[in-house]
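Inspection log for the structure reproduced underneath, given as structure tokens.
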2 protein chains.
Amino acid sequence: MIEPAQLFKCLSDDTRLHATLLIYLEGELCVCELMEALNDSQPKISRHLAQLRQCGILADARRGQWVFYSVEKNLPAWASEILASGSKASEKALATFQTNLKAMKNRPQCC
Amino acid sequence: MIEPAQLFKCLSDDTRLHATLLIYLEGELCVCELMEALNDSQPKISRHLAQLRQCGILADARRGQWVFYSVEKNLPAWASEILASGSKASEKALATFQTNLKAMKNRPQCC
DNA sequence: CATTTATATATTAATATTCGGATATCTACA
DNA sequence: TGTAGATATCCGAATATTAATATATAAATG
């Protein structure tokens, strides 16, 4: 089970914070979508997602070529509350990332 | 104004997390009370409190020999929500710290 | 004043984190 | 097979964080 300080540490880096919150809002995203939305390199995104998975915050599921990340279903209530509060706090940045997502060509889920 | 990732970084260390939440619950605590409650050294407690103050999470007020720390009044709503969720998550540890506090002899506020 | 108590800060050494670039793995499909 | 696309991991360098120890400041007290 995840400890409070561990969750906070995971969310203390902008790449991890924004990836987590965007996935929280969108339900499920793959690495290439996050690269596009956050405008970051593949190894950087992948490395941070691995950390979030290892801490039990995100779950991954491979479907074909893609690996989709979603928020771990069994997250404790307090952790979900923190994601909700964080989403409110990062509203503006998240809106930009969602705009980037919508502008993305050839998104995997469309196919 | 404090940024989400910055708040999370402040709360990602157990000393800072526990000090912040205990102050959040108790209203106001001085360094020597936190030393007793968290069972940590004076320089360690003081250094972490300074960091929390610099980030705008805590406010300090000297009264006589003692410096009392409290949660910054103008904290945004999302930040207060995170403290509330964190308190729930750390309920057990906080109960222990409160027990330590009650057992402390010569607490400054009593005088 | 001199001393004591409370708190803050500086220094140093150990450890941790982060990123970029290179490379490896895995899947789909010709 | 073999090639391409998507993702993961490894490595080294730069930077940041942390704790412990020592020292400094500030207020109370005799």
Side-chain angles (χ1 to χ4, degrees), chain A residues 3 5-20 22-23 28-55 57-70 101 104-111, chain B residues 3 5-20 22-23 28-55 57-70 101 104-111:
Chain A
E3 292 295 315
Q6 194 184 16
L7 173 63
F8 289 131
K9 180 172 287 185
C10 280
L11 301 181
S12 72
D13 173 90
D14 266 334
T15 303
R16 289 193 297 271
L17 175 65
H18 294 151
T20 302
L22 196 57
I23 290 167
E28 204 178 46
L29 290 173
C30 68
V31 177
C32 63
E33 290 175 308
L34 287 163
M35 289 172 57
E36 190 81 11
L38 305 186
N39 192 33
D40 256 319
S41 72
Q42 183 269 321
K44 185 172 170 185
I45 298 281
S46 183
R47 180 160 23 91
H48 286 297
L49 289 176
Q51 193 174 338
L52 290 161
R53 179 178 9 97
Q54 278 156 18
C55 290
I57 295 167
L58 297 183
D60 64 334
R62 179 178 278 275
R63 280 208 298 284
Q65 313 169 256
W66 298 284
V67 176
F68 288 88
Y69 284 85
S70 56
L101 249 192
M104 179 180 179
K105 300 295 183 191
N106 301 324
R107 285 183 63 183
Q109 43 253 54
C110 313
C111 312
Chain B
E3 292 295 315
Q6 195 184 15
L7 173 62
F8 289 131
K9 180 173 286 186
C10 281
L11 302 182
S12 71
D13 172 272
D14 266 333
T15 302
R16 289 193 298 271
L17 176 64
H18 293 151
T20 302
L22 195 57
I23 291 167
E28 206 178 43
L29 290 174
C30 69
V31 177
C32 63
E33 289 175 309
L34 287 163
M35 288 172 58
E36 189 81 12
L38 305 185
N39 193 34
D40 255 318
S41 74
Q42 183 271 319
K44 184 172 169 183
I45 297 280
S46 182
R47 176 164 35 84
H48 285 298
L49 289 176
Q51 193 175 337
L52 290 161
R53 176 177 13 96
Q54 279 156 19
C55 289
I57 296 166
L58 297 184
D60 63 336
R62 178 177 280 272
R63 280 211 297 284
Q65 315 169 254
W66 298 284
V67 177
F68 288 89
Y69 284 86
S70 57
L101 250 191
M104 180 180 179
K105 301 292 179 193
N106 302 324
R107 284 183 64 184
Q109 42 253 58
C110 315
C111 312

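A, B, ... follow the sequence lines: proteins, then strands. Residue 1 opens every chain.
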N/O (side chain, B:Tyr69) to phosphate O (OP1/OP2, C:dA6) under 4.0 Å: no

Could you state the [atom1]-[atom2] distance from [X] to [N], rounded to the nearest angstrom?
X: B:Trp66; N: C:dT5; atom1: CH2; atom2: P; result: 12 Å
X: B:Asn106; N: C:dT5; atom1: CG; atom2: P; result: 11 Å
X: A:Lys9; N: C:dT17; atom1: NZ; atom2: C1'; result: 9 Å
X: B:Phe8; N: C:dT17; atom1: CZ; atom2: C1'; result: 19 Å
X: B:Asp60; N: C:dA8; atom1: CG; atom2: C1'; result: 11 Å
X: B:Gln54; N: C:dA8; atom1: CD; atom2: C1'; result: 11 Å

With sequence neighbours excluded, what pairs up with [X] under the side chain to side chain donor-acceptor pair (under 3.5 Å) test?
X: A:Asp40; answer: A:Lys44
X: B:Gln51; answer: B:Arg16
X: A:Gln6; answer: none
X: B:Arg63; answer: B:Glu28

Write down the protein N/O and nucleotide N/O pairs, taken from nucleotides 1-3 of chain C, whose separation is under 3.5 Å; answer none if there are no such pairs.
none

Pull out every protein N or O sitting under 3.5 Å from an N or O of nucleotides 28-30 of chain C, one pair per line with the distance.
none

Partners meeting salt bridge (Lys or Arg N to Asp or Glu O under 4.0 Å) with B:Arg53 (sequence neighbours left out): B:Asp60

Qualifying residues under salt bridge (Lys or Arg N to Asp or Glu O under 4.0 Å), relative to A:Arg47, sequence neighbours excluded: none

Members of residues 40-48 of chain A that approach DNA chain C, where some heavy atom sits under 4.0 Å away: A:Pro43, A:Lys44, A:Arg47, A:His48

Position toward the 5' end of DNA chain C (nearest nucleotide), A:Arg16 or B:Met35: B:Met35

Contact nearer the 5' end of DNA chain C, comparing A:Gln51 with B:Arg53: B:Arg53

Between the first and last five pairs of the helix from C:dC1-D:dG30 to C:dA30-D:dT1, the angle of the axes, rounded to 10 degrees: 10°

Non-neighbouring partners of A:His48 that pass ring pair (Phe, Tyr, Trp, His ring centres under 6.0 Å), sequence neighbours left out: none

5' to 3' contact window, DNA chain D with chain B (heavy-atom distance under 4.0 Å): D:dT17 to D:dA28

Atom pair CZ/CG of B:Phe68 and B:Leu34 - distance to nearest 0.5 Å: 10.5 Å

